[in-house]
Number of protein chains: 2
Amino acid sequence: MQSRTPAGGRTPAGRTGRPRSAAADAAILAATREALVELGWSGLTLGDVALRAGVAKTTVYRRWQGKSELVTDALATLFDELVLPDRGSLRADIEGVVLQFARLLEQPATKTALMAVVAEATHDEALRGRIREKIVGRQKRLVVEGRRRAQQRGEIPDDSTDPGPQIDLIFDVIAGAVVHRTLVSCEPVDTDWAARFTTVLLDGLAVAGG
Amino acid sequence: MQSRTPAGGRTPAGRTGRPRSAAADAAILAATREALVELGWSGLTLGDVALRAGVAKTTVYRRWQGKSELVTDALATLFDELVLPDRGSLRADIEGVVLQFARLLEQPATKTALMAVVAEATHDEALRGRIREKIVGRQKRLVVEGRRRAQQRGEIPDDSTDPGPQIDLIFDVIAGAVVHRTLVSCEPVDTDWAARFTTVLLDGLAVAGG
DNA sequence: GGGCTTTCGCTACGACCCGTAGCGTAATGC
DNA sequence: GCATTACGCTACGGGTCGTAGCGAAAGCCC
């Protein structure tokens with residue numbers, strides 16, 4: 001072996017020998033989330049993760065190159081829980097996704113892992129790619145879906161000629177505000193804050209007031 | 001000694017003995033920023049910082065409790081460069097501060113340090129306080145100042161009855177969007193993006209389009 | 001100058017984690 | 001049964017951690 005990647009592909013077809021244990025994958029990822037909560041990024045050791053998962057340390061190193069990759073994958077499993085139920089209006093949809101995202105970020109494992117991984121990625125190109133692939137790209141679907149619904153309802157103009165850039169902008173504004181509020185300013189995202197934020201986002205500062 | 005804090009107070013009054021070298025403080029902080037760029041958060045060691053600074057390792061430990069505190073202080077010196085020149089309109093002021101903040105975040109030392117410190121802070125109450133005191137609190141002055149000017153110009157309503165919450169909200173929206181764009185989405189904040197962001201912030205999605 | 005106090009650079013230390021190698025064993029496909 | 005791969009286990013050299021102890025240097029105060 002030398003693939004250095006989680007079992008994932010379920011015995012990659014045309015392979016002989018003992019297949020990797022999917023149960024071990026799940027146990028390692030769960031142990032990683034658990035250890036992150038207790039120890040934080042710099043306190044987390046792969047030896048400890050292996051111990052918690054009931055797995056040999058070498059088994060962890062066979063599948064992930066290091067701490068960064070392991071934590072990124074553990075984080076991705078948490079983000080995939082996000083969904084966007086149709087609440088009937090753009091305002092309600094935004095408030096809903098803001099609160100849902102905030103609840104996700106309230107989980108200690110999520111906040112610790114997200115920031116730590118992004119920090120490591122600043123000087124690791126491969127890790128940046130992994131984050132874009134497994135987290136950012138997967139979550140933009142929420143913005144695309146919400147925008148599509150709002151256009152169908154006639155709540156926002158339908159600039160079907162140039163849809164790309166605005167998606168990214170809106171994604172950064174929403175996700176960035178929630179992350180900053182929660183992790184940098186260290187204050188809660190409650191229904192009141194979500195409502196005020198949505199008002200500013202929909203109506204702008206000139207109307208909503210400074 | 002047991003103060004465990006940078007020289008700062010310049011021989012804290014009524015102290016005898018050899019005073020701490022302020023030059024050593026500056027050298028250590030500069031070495032920390034330099035090492036962060038080259039090695040990243042997890043690669044940075046206090047022993048290496050001491051070597052770069054031309055200082056004994058023990059001297060570093062006498063002044064800072066650990067990596068987190070040291071990097072937080074090194075980061076604060078970078079953030080203090082931010083200023084808010086009056087550009088004549090709210091739109092121009094926002095675009096100006098967005099671009100200035102983005103240039104700050106483009107520096108490898110800043111982006112690495114900010115995310116790493118926030119990650120550590122998620123499980124370290126004392127560190128959260130240090131960040132609020134030395135970074136977040138100091139930078140909110142930019143929003144306060146910009147808001148005051150806009151109200152004087154009559155560009156936004158003057159809700160002098162309840163100024164508090166909106167300041168925090170706007171701060172999180174602006175800083176969060178720039179940070180998320182730069183560090184999570186890993187795309188540049190140029191004049192075009194700053195203009196589009198400012199339009200959304202001022203006029204809202206309903207007008208600016210989705 | 002003499003004495004007191006604190007910081008300085010240096011060295012050494014036990015403890016821990018790293019990431020890998022080597023072994024024998026277990027679980028698959030042919 | 002045989003080849004192949006993953007598994008658990010042990011052991012290893014190398015590096016960092018944070019602290020302790022030392023003599024020397026640099027300030028204050030008399």
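Chain A is the first sequence line, chain B the second, and so forth, proteins listed ahead of strands; every chain is numbered from 1.
Counting to the nearest Å, the P atom of dG29(C) and the CZ atom of Arg20(A) are 16 Å from each other. Rounded to whole Å, the distance from NZ on Lys67(A) to P on dC17(C) is 11 Å. Regarding Leu44(B), its CG atom lies at a distance of 12 Å from the C1' atom of dT16(D), rounded to whole Å. Atom CG in Leu46(A) sits about 11 Å away from atom P in dT20(C), given to the nearest Å. Straight-line distance from the CZ atom of Arg62(B) to the P atom of dT7(C): 8 Å, rounded to whole Å. In this entry the distance linking CG of Asp25(B) with P of dT7(C) reads 12 Å, nearest Å. Between the P atom of dT19(D) and the OH atom of Tyr61(B) lies a distance of 7 Å, rounded to the nearest Å. The nearest whole Å value for the distance from the CD atom in Glu69(A) to the P atom in dG19(C) is 10 Å.
Between Thr122(B) and Arg128(B), the side chains place no donor N or O within less than 3.5 Å of an acceptor N or O (distance only, hydrogens not considered).
Legend: residues meeting ring pair (Phe, Tyr, Trp, His ring centres under 6.0 Å) with His123(A), ordered by chain and number and at least two apart, are absent.
Picking from dA3(D), dC17(D), dT7(C) the nucleotide with the shortest atom distance to the side chain of Thr16(A) gives dA3(D). Closest to the side chain of Thr45(A), out of dT28(C), dC17(C), dT20(C), is dC17(C).
Ranked by how close their nearest DNA chain C nucleotide is to the 5' end, Gly66(A) and Arg18(B) are led by Arg18(B).
Heavy-atom distances under 4.0 Å link DNA chain D to Gly54(A), Val55(A), Ala56(A), Thr58(A), Thr59(A) of residues 47-60 of chain A, given in residue order.
Counting only residues at least two apart or in different chains, side-chain hydrogen bond (donor to acceptor under 3.5 Å, both in side chains) contacts with residues 96-109 of chain B are absent.
Taking the six-membered ring where tryptophan is involved, the planes of Phe79(B) and Phe101(B) are tilted, since the angle between them lies from 30° to 60°.
The structure places CD1 of Ile131(A) at 8.0 Å from CG of Leu114(A), a figure rounded to the nearest 0.5 Å.
In summary, Arg130(B) and Asp73(B) engage in a salt bridge, as defined by a charged side-chain N under 4.0 Å from a carboxylate O. Looking at Arg149(A) and Glu145(A), a side-chain N of the basic residue comes within less than 4.0 Å of a carboxylate O on the acidic one, giving a salt bridge.
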